[in-house]
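A short write-up of the structure that comes next.
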Amino acid sequence: MKYKSQKVAYWFFALCMLLFSLQIVYGFIMGFDRIGIQGLHEIIPFNVARAVHTNLLVVWLLTGFMGAAYYIIPEEAQRELISVKWAYVQLISLAIVGVVTIIGFHFNHWEGRKFLEIPRELDYLVVINVLLFLFIILGTLYKGKRQTTTALVLSMGLFFAALLYIPGMIWFDSQVMDSFFRWWVVHLWVEGVWELIMGGILSFLLIKLTGVDREVIEKWLYVIVGLTFLSGVLGTGHHYYYIGVNKIWLIVGGIFSALEPLAFLAMALFAVNMYRKGEKSHPNKIALFWTIGSAIVSFVGAGLLGFAHTLPQTNLYTHGTLVTAMHAHYAFWGAYAMIVLAMISYALPNLTGRKRYESAQGMMAFWLSNIGILGMTVAFGVAGVAQVYMERKMKMDFMVVQSEISIHFVVLLICATMFTIGIGLFIFDFIKYGRPTDEALEADNHGHRADGYKIDGTVIENLTGTSEKKGKTVI
């Protein structure tokens with residue numbers, strides 16, 4: 001790492017891994033419920049497990065994005081964070097809000113609005129937390145020595161993510177109005193501003209891992225931003241078919257939903273093209289695999305599967321079925337989960353000074369998790385198509401259909417086990433890296449470090465004139 005304050009990112013990544021683990025646990029609870037093993041049903045009903053599972057997804061990804069920002073922004077701005085202390089305060093408050101929310105769900109303390117179940121009083125704490133985060137990030141950029149396109153796109157994504165949380169806090173007596181603005185949060189996050197965050201992180205990683213000139217890589221970002229806003233904003237209309245809005249949204253949503261894969265296609269082509277142009281062979285192959293994999297899998301999951309599912313002619317039948325779960329799982333995994341794991345894989349060796357990316361465990365984690373999630377996606381897809389046919393064409397009762405397709409969840413649980421082993425190996429690697437250390441600080445061409453010390457053999461010479469003897473060579 002180049003700056004001491006980047007160590008903050010490690011603790012965000014640690015919380016991120018904990019929340020991800022919990023999300024997987026609640027996913028298994030739902031999976032066992034689906035095949036009739038309901039030993040925990042009285043304690044954790046299906047609706048509670050589902051709310052916890054989906055909300056943990058949002059929280060751990062946001063935590064990962066924040067950790068990525070705390071690592072990237074100091075390097076891009078070429079200065080320390082303006083306040084490390086407040087960054088830790090923000091982390092602790094974020095963890096507290098998450099714990100209180102999850103506990104509250106188990107006591108039916110929520111709003112009951114899908115994906116936005118968090119109680120209203122905690123909404124305000126989330127706003128304060130995010131404002132503090134933005135103050136640190138934007139303040140660091142403002143005082144930095146440079147403002148890069150990568151940093152600006154990442155910061156713009158984070159800023160708009162915060163801004164678009166507000167419509168979800170507005171209270172409406174009308175269910176139609178409530179649903180209309182709820183999608184401003186849910187859709188415009190995942191198919192709008194989060195793509196900007198992904199693009200910013202992807203750009204940073206490709207600059208570091210491929211050695212391609214920054215100007216070449218950042219030109220692609222303008223294309224991605226343009227396609228994201230063109231398709232993502234108006235593509236929100238594909239959620240409006242059934243809530244009572246004007247029929248014009250059927251046309252608008254259909255047209256721009258069809259364009260949404262272009263943004264992800266651009267990301268995939270961008271990543272692969274930059275990899276081929278790479279001027280250096282970076283030793284951290286695991287981070288490179290996660291980075292390129294994220295771009296390709298997001299195109300398949302978010303782009304192609306999203307296109308197949310959201311066209312009006314198809315969505316008329318698939319809306320609200322397991323086909324949605326098929327698209328959502330692979331899209332979130334490729335577009336956002338993999339890019340967070342790529343960022344962690346790149347940052348950990350730099351934060352700790354330990355080059356564990358040469359171990360076989362990291363590569364096993366990549367392949368097992370990706371093969372597992374692909375199997376889960378196929379299981380969801382087959383179950384979803386069967387559900388659509390039986391419910392929408394044969395007019396069978398919902399619960400009868402759920403019983404008929406339960407066998408597919410046996411396959412899903414087997415694949416989920418493979419996925420979990422992969423993530424378990426990733427987390428094991430994370431723990432084995434250990435905590436960040438000041439000895440991992442990089443020096444410039446003159447041996448000067450960002451903390452004011454000069455590296456010279458076994459002596460660290462402070463630039464103010466004093467020196468400290470160390471028992472080992474500083475690298």
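Just so you know, these numbers come straight off a predicted model, no measurement behind them. When reading the values below, keep in mind they use all heavy atoms of this one structure, side chains included, and skip hydrogens, waters and symmetry mates.
Between F426 and W290, the angle of the ring planes goes over 60°, which puts this pair in the perpendicular group of the 30/60° scheme. Aromatic ring orientation, F105 versus W110: tilted (interplanar angle from 30° to 60°). Note: F289 and F366 have perpendicular aromatic rings, judged against thresholds of 30 and 60 degrees for the angle between ring planes. Taking the six-membered ring where tryptophan is involved, the planes of H239 and W183 are essentially parallel, since the angle between them stays under 30° and well short of 60°.
Side-chain rings of Y330 and W333 stay apart, their centers remaining 6.0 Å or farther from each other. Ring-centre distance between W194 and F65: below the 6.0 Å cut-off. Taking the six-membered ring wherever Trp is involved, the centroid distance between the rings of F430 and F13 does not fall below 6.0 Å. Note: F133 and Y70 meet the aromatic proximity criterion, with ring centroids under 6.0 Å apart.
Using modelled atom types, no side-chain atom of S203 and backbone atom of G199 make a donor-acceptor pair closer than 3.5 Å. Looking only at distances, no side-chain donor or acceptor of D123 sits under 3.5 Å from a matching main-chain atom of M169.
Applying the 6.0 Å contact sphere to CZ of R276 captures no more than 12 heavy atoms from other residues, nucleotides or ligands. Counting non-hydrogen atoms of other residues, nucleotides and ligands closer than 6.0 Å to CD of E121 gives a total above 12. Around CZ of F28, the count of heavy atoms belonging to other residues, nucleotides or ligands within 6.0 Å exceeds 12. The environment of R146 atom CZ is dense: over 12 non-hydrogen atoms of other residues, nucleotides or ligands sit within 6.0 angstrom. Remark: F46 CZ is packed, more than 12 non-hydrogen atoms of other residues, nucleotides or ligands lying under 6.0 Å away.
A 4.5 Å side-chain heavy-atom check between W86 and F135 finds every atom pair outside the cut-off. By the 4.5 Å heavy-atom criterion applied to side chains, I44 and Y26 are counted as neighbours.
Y357 and D429 are not linked by any side-chain donor-acceptor pair at a separation below 3.5 angstrom, with hydrogens and angles left out of the test.
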Run the numbers on E76 and K145 for salt bridge (Lys or Arg N to Asp or Glu O under 4.0 Å), then give the verdict.
CA-CA 9 Å; E76 293 295 294; K145 295 179 182 178; over 6 Å; no

Verify salt bridge (Lys or Arg N to Asp or Glu O under 4.0 Å) between K285 and E358, making sure each step is shown before the conclusion.
CA-CA 8 Å; K285 297 298 183 185; E358 296 173 353; over 6 Å; no

